**Student:** 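Right, I'll just put the structure down here and ask away after.
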Amino acid sequence: MEFTVYNPQKGRLETLDVDLTAENTTWFENSENTRVVATITDFDGGLLIKALDNTYPIWLYDISRADIDYSQKKAKELMQQHE
(Lines give C-alpha, C1' and ligand atoms only; values in the text may rest on other atoms or scores of the structure.)
Protein backbone atom coordinates (compact mmCIF):
# COMPACT_ATOMS: atom_id res chain seq x y z
CA MET A 1 0.00 0.00 0.00
CA GLU A 2 1.36 3.44 -0.87
CA PHE A 3 1.64 6.01 1.91
CA THR A 4 2.67 9.62 1.79
CA VAL A 5 4.77 10.14 4.90
CA TYR A 6 6.67 13.01 6.48
CA ASN A 7 10.40 12.36 6.69
CA PRO A 8 11.78 14.79 9.31
CA GLN A 9 15.36 13.74 8.58
CA LYS A 10 14.97 15.18 5.06
CA GLY A 11 12.31 17.76 5.96
CA ARG A 12 9.93 16.66 3.22
CA LEU A 13 7.08 14.37 2.23
CA GLU A 14 7.89 11.05 0.56
CA THR A 15 5.84 8.21 -0.89
CA LEU A 16 6.58 4.74 0.47
CA ASP A 17 5.21 1.33 -0.49
CA VAL A 18 4.51 -0.35 2.87
CA ASP A 19 2.77 -3.61 3.69
CA LEU A 20 1.00 -3.42 7.05
CA THR A 21 1.02 -6.91 8.54
CA ALA A 22 0.67 -8.47 11.97
CA GLU A 23 4.43 -9.11 11.91
CA ASN A 24 5.48 -5.48 11.36
CA THR A 25 2.63 -3.36 12.76
CA THR A 26 1.14 -2.70 16.18
CA TRP A 27 -2.43 -1.37 16.20
CA PHE A 28 -3.66 0.43 19.30
CA GLU A 29 -7.13 0.66 20.79
CA ASN A 30 -7.98 4.34 20.53
CA SER A 31 -10.22 6.80 22.27
CA GLU A 32 -11.98 9.72 20.65
CA ASN A 33 -8.80 11.81 20.97
CA THR A 34 -7.61 12.27 17.39
CA ARG A 35 -3.97 13.00 18.32
CA VAL A 36 -3.55 9.50 19.73
CA VAL A 37 -1.14 7.12 17.95
CA ALA A 38 -3.13 4.60 15.92
CA THR A 39 -0.31 2.41 14.56
CA ILE A 40 3.43 1.92 14.69
CA THR A 41 5.09 -0.01 11.87
CA ASP A 42 8.63 -1.28 11.41
CA PHE A 43 9.73 -0.31 7.90
CA ASP A 44 13.11 -0.41 6.18
CA GLY A 45 15.17 -0.07 9.36
CA GLY A 46 12.93 2.68 10.73
CA LEU A 47 9.57 3.32 12.32
CA LEU A 48 6.36 4.71 10.85
CA ILE A 49 4.12 6.40 13.40
CA LYS A 50 0.53 7.16 12.38
CA ALA A 51 -1.89 9.26 14.42
CA LEU A 52 -5.64 8.79 14.40
CA ASP A 53 -6.25 11.85 12.26
CA ASN A 54 -5.57 13.09 8.76
CA THR A 55 -1.91 14.06 9.29
CA TYR A 56 0.86 12.25 7.48
CA PRO A 57 2.57 9.36 9.23
CA ILE A 58 6.09 10.18 10.41
CA TRP A 59 9.01 7.99 9.30
CA LEU A 60 11.95 7.91 11.70
CA TYR A 61 15.24 6.20 10.86
CA ASP A 62 17.17 3.74 13.03
CA ILE A 63 14.43 2.96 15.53
CA SER A 64 12.00 0.08 15.85
CA ARG A 65 8.87 -0.87 17.75
CA ALA A 66 11.03 -3.00 20.04
CA ASP A 67 13.27 0.00 20.79
CA ILE A 68 10.27 1.83 22.25
CA ASP A 69 8.84 -1.29 23.90
CA TYR A 70 5.87 -1.29 21.50
CA SER A 71 4.59 1.69 23.52
CA GLN A 72 1.86 4.01 22.28
CA LYS A 73 3.00 6.63 24.78
CA LYS A 74 6.64 6.55 23.63
CA ALA A 75 5.53 6.67 20.00
CA LYS A 76 3.44 9.76 20.73
CA GLU A 77 6.42 11.43 22.41
CA LEU A 78 8.56 10.73 19.33
CA MET A 79 5.80 12.02 17.05
CA GLN A 80 5.51 15.25 19.06
CA GLN A 81 9.28 15.82 18.88
CA HIS A 82 9.07 15.87 15.07
CA GLU A 83 5.93 17.97 14.52
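What you see is a predicted model; the values in this text were computed from it and never measured. The first residue of the sequence shown is numbered 1, and numbering continues consecutively from there.
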**Student:** With heavy-atom distances below 4.5 Å as the criterion, would you say the side chains of Val37 and Met79 are in contact?
**Tutor:** yes
**Student:** Find the distance between CG (Leu16) and CZ (Phe3) and round it off to the nearest 0.5 Å.
**Tutor:** 9.5 Å
**Student:** Let me see the working for Ile68 and Ile63 under side-chain contact (heavy atoms from CB on, under 4.5 Å), right down to the final yes or no.
**Tutor:** CA-CA 8 Å; Ile68 62 169; Ile63 191 166; 3.7 Å; yes
**Student:** Which value, rounded to the nearest 0.5 Å, describes the distance between Gln80 atom CD and Glu77 atom CD?
**Tutor:** 7.5 Å
**Student:** Measuring from Ser64:OG to Asn24:CG, what's the distance to the nearest 0.5 Å?
**Tutor:** 12.0 Å
**Student:** Do you reckon Leu20 sits in the same ILVMFWY cluster as Ile58, going by side-chain contacts under 4.5 Å, direct or chained?
**Tutor:** no
**Student:** Could you note down all residue pairs passing ring pair (Phe, Tyr, Trp, His ring centres under 6.0 Å) where residues 45-83 supplies at least one of them, sequence neighbours left out?
**Tutor:** Phe43-Trp59, Trp59-Tyr61
**Student:** Would Phe28 and Ile49 show up in the same hydrophobic cluster when neighbours are defined by side-chain heavy atoms closer than 4.5 Å?
**Tutor:** yes
**Student:** Does Leu13 reach the side chain of Val5, with side-chain heavy atoms less than 4.5 Å apart?
**Tutor:** no
**Student:** Of all the heavy-atom pairs spanning Arg65 and Glu23, show the shortest one and how long it is.
**Tutor:** NH2-O, 2.8 Å
**Student:** When you compare the side chain of Asp42 with that of Thr25, does any pair of heavy atoms fall below 4.5 Å?
**Tutor:** no
**Student:** Within the structure provided, determine whether Leu48 and Val18 are in side-chain contact (heavy-atom separation under 4.5 Å).
**Tutor:** yes
**Student:** Would you kindly say whether Thr55 and Asp53 are connected by a side-chain donor-acceptor distance under 3.5 Å?
**Tutor:** yes
**Student:** Would you say the side chain of Glu14 lies within less than 4.5 Å of the side chain of Thr4, judging by non-hydrogen atoms?
**Tutor:** no
**Student:** With heavy-atom distances below 4.5 Å as the criterion, would you say the side chains of Val36 and Gln72 are in contact?
**Tutor:** yes
**Student:** Please tell me if the side chains of Asn7 and Leu60 come closer than 4.5 Å, counting only heavy atoms from C-beta onward.
**Tutor:** no
**Student:** Could you measure the distance from the CG atom of Leu47 to the OG1 atom of Thr41? Nearest 0.5 Å is fine.
**Tutor:** 7.5 Å
